[in-house]
*Asks:* 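To start, I am sharing the structure in question, which I have written as C-alpha cells.
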Amino acid sequence: QVQLVESGGGLVQAGGSLRLSCAASGSIFSINDMGWYRQTPGKQRELVAAITSGGNTNYADSVKGRFTISRDSAKNMVYLQMNSLKPEDTAVYYCNAYIRVGYFGGSDGYWGQGTQVTVSS
C-alpha cells in the first residue's frame with residue numbers, strides 16, 4: 001500500500017511564493033519519475049513539472065523560470081517551489097509518482113489527494 005500526501009498549498013497574493021511538498025510512504029521498493037500536475041474546474045489535469053530519478057527536470061512553458069521542482073530521494077519527497085505566482089496559477093495541485101513496490105514487476109502511477117493553491121490579484 002502506497003500513499004502520497006501533499007502539503008503547502010494556500011492563499012497568496014500575486015507575485016508571492018509557495019512551496020509544495022509531497023511525501024510518499026508505504027511499501028516502496030523504488031521511485032522513478034515524480035511530478036506535479038494541476039487542475040481547474042472544467043479543465044483536464046495538466047503537467048506542471050516533472051523530475052526523473054536521475055534529477056532531470058521538465059516544465060510546462062507557463063511556469064518555466066518561476067517554478068522549480070526538486071526531490072529528496074532518501075526521504076521519498078518531491079517539492080515544488082513556486083515564485084512570482086500569478087492568478088492563473090490558481091488550481092488544485094496533485095503530486096504524482098511512479099513507484100515499484102517490489103523487486104519484481106514494473107512501476108505503477110500513484111496520485112496524492114491534491115492541495116489547493118489560490119493566487120489573488
*Asks:* Sub-3.5 Å donor-acceptor pair from the side chain of T40 to the main-chain atoms of A91, do we have one?
*Replies:* no
*Asks:* Among V117, D89, V92, exactly one meets side-chain contact (heavy atoms from CB on, under 4.5 Å) together with R38. Which residue is that?
*Replies:* D89
*Asks:* Where is the tightest heavy-atom contact between L80 and A49, given as atom of each residue plus distance?
*Replies:* CD1-CB, 4.1 Å
*Asks:* Please report the C-alpha distance between S17 and N83 in whole Å, then the side-chain angles of each, then the deciding distance to 0.1 Å, and finally whether the side-chain hydrogen bond (donor to acceptor under 3.5 Å, both in side chains) criterion is met.
*Replies:* CA-CA 4 Å; S17 298; N83 298 328; 2.9 Å; yes
*Asks:* Starting at CD of Q13, measure out to OG of S120 and round the result to the nearest 0.5 Å.
*Replies:* 5.0 Å
*Asks:* Compare all side-chain heavy atoms of Y59 with those of T68 and state whether any distance is below 4.5 angstrom.
*Replies:* yes
*Asks:* Show your reasoning for whether side-chain contact (heavy atoms from CB on, under 4.5 Å) applies to I99 and N76.
*Replies:* CA-CA 10 Å; I99 297 173; N76 292 335; over 6 Å; no
*Asks:* What I'd like to find out is whether the side chain of V63 reaches to under 4.5 Å of the side chain of M82, using heavy atoms alone.
*Replies:* no
*Asks:* Are F67 and V12 connected into the same hydrophobic cluster when the rule is that any two of I, L, V, M, F, W, Y join if their side-chain heavy atoms are below 4.5 Å apart?
*Replies:* yes
*Asks:* According to a hydrophobic-cluster definition based on side-chain heavy atoms being under 4.5 Å apart (Ile, Leu, Val, Met, Phe, Trp, Tyr only), do V48 and M77 belong together?
*Replies:* no
*Asks:* Can you say whether the rings of W111 and Y37 are parallel (under 30°), tilted (30 to 60°) or perpendicular (over 60°)?
*Replies:* perpendicular
*Asks:* Report whether F104 and F29 are members of the same hydrophobic cluster (ILVMFWY, side-chain heavy atoms less than 4.5 Å apart, transitive linking).
*Replies:* yes
*Asks:* With side chains defined as the heavy atoms from C-beta onward, is the minimum distance between C95 and V78 less than 4.5 Å?
*Replies:* yes
*Asks:* Hey, what do you get for OG1 (T118) to CG (L85), rounding to the nearest 0.5 Å?
*Replies:* 10.5 Å
*Asks:* Determine the minimum heavy-atom distance between G35 and I69, stating which atoms define it.
*Replies:* CA-CD1, 4.1 Å
*Asks:* Side-chain contact test, heavy atoms from C-beta onward, threshold under 4.5 Å: evaluate it for R71 versus I31 and give yes or no.
*Replies:* yes
*Asks:* Does any non-hydrogen side-chain atom of D108 lie less than 4.5 Å from one of V2?
*Replies:* no
*Asks:* To the nearest 0.5 Å, how far apart are CD in Q81 and CG in L20?
*Replies:* 9.0 Å
*Asks:* What's the shortest heavy-atom distance between S84 and R66, and which atoms?
*Replies:* O-NH1, 2.9 Å
*Asks:* For D33 and T52, work out which heavy atoms get closest and say how close.
*Replies:* OD1-CA, 3.5 Å
*Asks:* Below 4.0 angstrom, N of the basic side chain to O of the carboxylate: do K64 and D61 qualify?
*Replies:* yes
*Asks:* Of all the heavy-atom pairs spanning L4 and C22, show the shortest one and how long it is.
*Replies:* CB-SG, 4.0 Å
*Asks:* May I have the step-by-step check of side-chain contact (heavy atoms from CB on, under 4.5 Å) for Q116 and T90, ending in yes or no?
*Replies:* CA-CA 8 Å; Q116 177 71 45; T90 296; 4.0 Å; yes
*Asks:* May I ask you to test the Y93-E6 pair for a side-chain heavy-atom distance under 4.5 Å?
*Replies:* no
*Asks:* So, do I28 and Y110 sit near enough that their side-chain heavy atoms are less than 4.5 Å apart?
*Replies:* no
*Asks:* Find the distance between CH2 (W36) and CG (L47) and round it off to the nearest 0.5 Å.
*Replies:* 12.5 Å
*Asks:* Counting only heavy atoms from other residues, nucleotides and ligands, does the tally under 6.0 Å from OH of Y98 exceed 12?
*Replies:* no
